[in-house]
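Scope of the values below: all heavy atoms of this structure, side chains included, with no hydrogens, waters or symmetry mates.
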2 protein chains.
Amino acid sequence: MAGIERPGPLYQQVAAAIRQGIADGDFPPGSPLPSEAQLIERYQVSRPTVRNAISALRSEGLIEVRHGKGSFVKDAQTPLLTIERTVTRSGKTFAPDPAQWQQAHEPTVYRTTTTDTTGPLLNLGEGEALFGVDRVLTDPATGTRALHRVLIPFATAENAPTLAGAPDTAPEEIYAALTAAGHKLTWSETVRARMPQADERTALELPDATPVIHTLRVTHGTDDQPLILEELRTSGSQAQLSYRITADSPRALRAVRS
Amino acid sequence: MAGIERPGPLYQQVAAAIRQGIADGDFPPGSPLPSEAQLIERYQVSRPTVRNAISALRSEGLIEVRHGKGSFVKDAQTPLLTIERTVTRSGKTFAPDPAQWQQAHEPTVYRTTTTDTTGPLLNLGEGEALFGVDRVLTDPATGTRALHRVLIPFATAENAPTLAGAPDTAPEEIYAALTAAGHKLTWSETVRARMPQADERTALELPDATPVIHTLRVTHGTDDQPLILEELRTSGSQAQLSYRITADSPRALRAVRS
DNA sequence: TATCATTTGTTCGTATGTATC
DNA sequence: CGATACATACGAACAAATGAT
């Protein structure tokens, strides 16, 4: 054994030794770890033990393993992209999300109905008709991807003539259309994090051990009536959300459940 | 082989079959999966293959494995706890976070200095002196835990007499003290998600495949001057954050980096 | 293009340790 | 205490990706 004496499972001892090596700068960010064969030799353990140790480090997000090449230390992941979630407005026009999103494809427009998740948020029963618009967004500067969805109840579309014909409008312009229809808009938003589903992992091109940030934003009009629902999913380690907050009098807080 | 013919690694086929069983309701939430020995028998594969499949499902957060007992289907985890991040005020008093936090221990008060993360947020150089206050919070209704940290620059404490003597004050009262000192407060907050460190996993009592939601909140006073920095870390699957947003004129957005 | 060495991925077999009931 | 279930550990072989020859 080479420098391993602490108690606990062998593979954890190996993992701890490698962790220490990373912390000590023996393996700087981006550099390769010793190969499995070398780790076997160095710590005098079997291959399953080495692989178990590497698996532990990978699920901590500390290293990245590439088939046929080796294991590499991830660089301390400062989020590359900041997504500003505060809504800004100049007169009657709303500023777009300052992230330089590009659409990977044309938006997908479809019809659907409320579910037990979306129904309560829109203050509708189950089975009510909705327009849905899905977009895959890309930030070309960082390569970060995001999935964006807008759900527009038929009732909302009917009251804002611009929307009924073209639900695949940018969110800023939906806001403007709703304002033009006489609404004074406010928003409520919830944020949660979870591990991605398999399809999300491929759609967002997520590496291992990367959680998904999931936001639900409800746009409220006059009398706090819910008008539309937006959903945004993106990488929790590549992107961060940003909010600006001002103190407000304690109106009845809308309870937002998901 | 029993119902497995798709291509790809064997363990992925087994994992897919179990996933399907969960989706089909063969294994309802909370119920145990067949034991390893039974899965070996059912799919006619070796023990490493079965364990590999189970490991994949575990890292997706689909199942939970308990030593000596078995593997259990996790119930679809709707966040149990909503943490309202909007600041509300009545006159000169600020309302506390409505989550029913209890302190697990007395707050830990210490002195520290700015780092390359905290310095820029507070608009200070590196090595500037700070008070630090750490708290472990618990929501008794759900058992959800959170780690809260307040960093108070000495310069801020000196200008708000109440703070200098007792930095371990509840955030609402810090806000009130800063308002009393003549500041009109605004806040900027960033949210990110990542996998927990080992110590966070134990402190927050996180199960496997659970990401951490990490927020950084800067309180700004007159002239957008940064006054204090708050940090909140909690489970991304047990808790969700909630924000209320009103459209604002496009002032210079404070770029918040972490 | 083809081949080869290196490196990680998958799969089998087997034995023993430890937690739960 | 014993039976069951998961955890750890060793050994061995072949597959697949990568990069260089």
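Judged by distance alone, the side chains of B/Thr142 and B/Asp139 do bring a donor and an acceptor atom under 3.5 Å apart. Using modelled atom types, one finds no donor on one side chain facing an acceptor on the other under 3.5 Å when comparing B/Glu231 with B/His148. Under the 3.5 Å distance criterion, with hydrogens and angles disregarded, a donor-acceptor pair is assigned to the side chains of B/Glu84 and B/Ser242. Side-chain contact annotation: A/Gln13 with A/Tyr43, donor-acceptor N/O pair under 3.5 Å absent. In this structure, a donor-acceptor pair under 3.5 Å is absent between the side chains of A/Thr114 and A/Glu126.
Nucleotide C/dT1 has no partner under the Watson-Crick or G-U criteria, as no pair reaches both atom distances under 3.5 Å.
The CG atom of A/Asn52 sits 13 Å away from the P atom of C/dG9 (whole-angstrom rounding). For B/Asp208 and D/dC6, the CG to P distance is 15 Å, given to the nearest whole Å. Residue A/Phe72 contributes atom CZ, which lies 17 Å from atom P of D/dA17 at whole-angstrom precision. Regarding B/Leu10, its CG atom lies at a distance of 13 Å from the C1' atom of D/dA15, rounded to whole Å. One can place CD of B/Glu36 at 15 Å from C1' of C/dT14, the figure rounded to the nearest angstrom. The nearest whole Å value for the distance from the CZ atom in A/Arg51 to the C1' atom in D/dA15 is 12 Å. Spacing between atom OH of B/Tyr11 and atom P of C/dT10 amounts to 4 Å, rounded to whole angstrom units. A/Ile40 has its CD1 atom 14 Å from the C1' atom of C/dG9, to the nearest Å.
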Can A/Arg145 and A/Glu205 be said to form a salt bridge (Lys or Arg N to Asp or Glu O under 4.0 Å), step by step? CA-CA 7 Å; A/Arg145 289 179 164 232; A/Glu205 296 177 355; 3.3 Å; yes
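In the region residues 61-70 of chain A, proximity to DNA chain C at under 4.0 angstrom, judged on heavy atoms, holds for A/Val65, A/Arg66, A/His67, A/Gly68, A/Lys69, A/Gly70.
The local environment of CD in A/Gln100 is sparse, with at most 12 non-hydrogen atoms from other residues, nucleotides or ligands closer than 6.0 Å.
Across C/dT8, D/dA9, C/dC12, the shortest atom-to-atom separation from the side chain of B/Val45 is found for C/dC12.
Put simply, A/Thr49 has no side-chain N or O that comes within less than 4.0 Å of OP1 or OP2 on D/dT8. For the OP1/OP2 pair of C/dT6 and a distance below 4.0 Å, the side-chain nitrogens and oxygens of A/Ser35 include no atom meeting the criterion.
Along DNA chain D, the nucleotide nearest to B/Leu33 and the one nearest to A/Ser46 differ in position, and the one closer to the 5' end is contacted by B/Leu33. Both B/Ala37 and B/Pro48 sit near DNA chain D, but only B/Ala37 has its closest nucleotide nearer the 5' end.
With hydrogens and angles ignored, a donor-acceptor pair closer than 3.5 Å exists between the side chain of B/Arg47 and the base of D/dA7.
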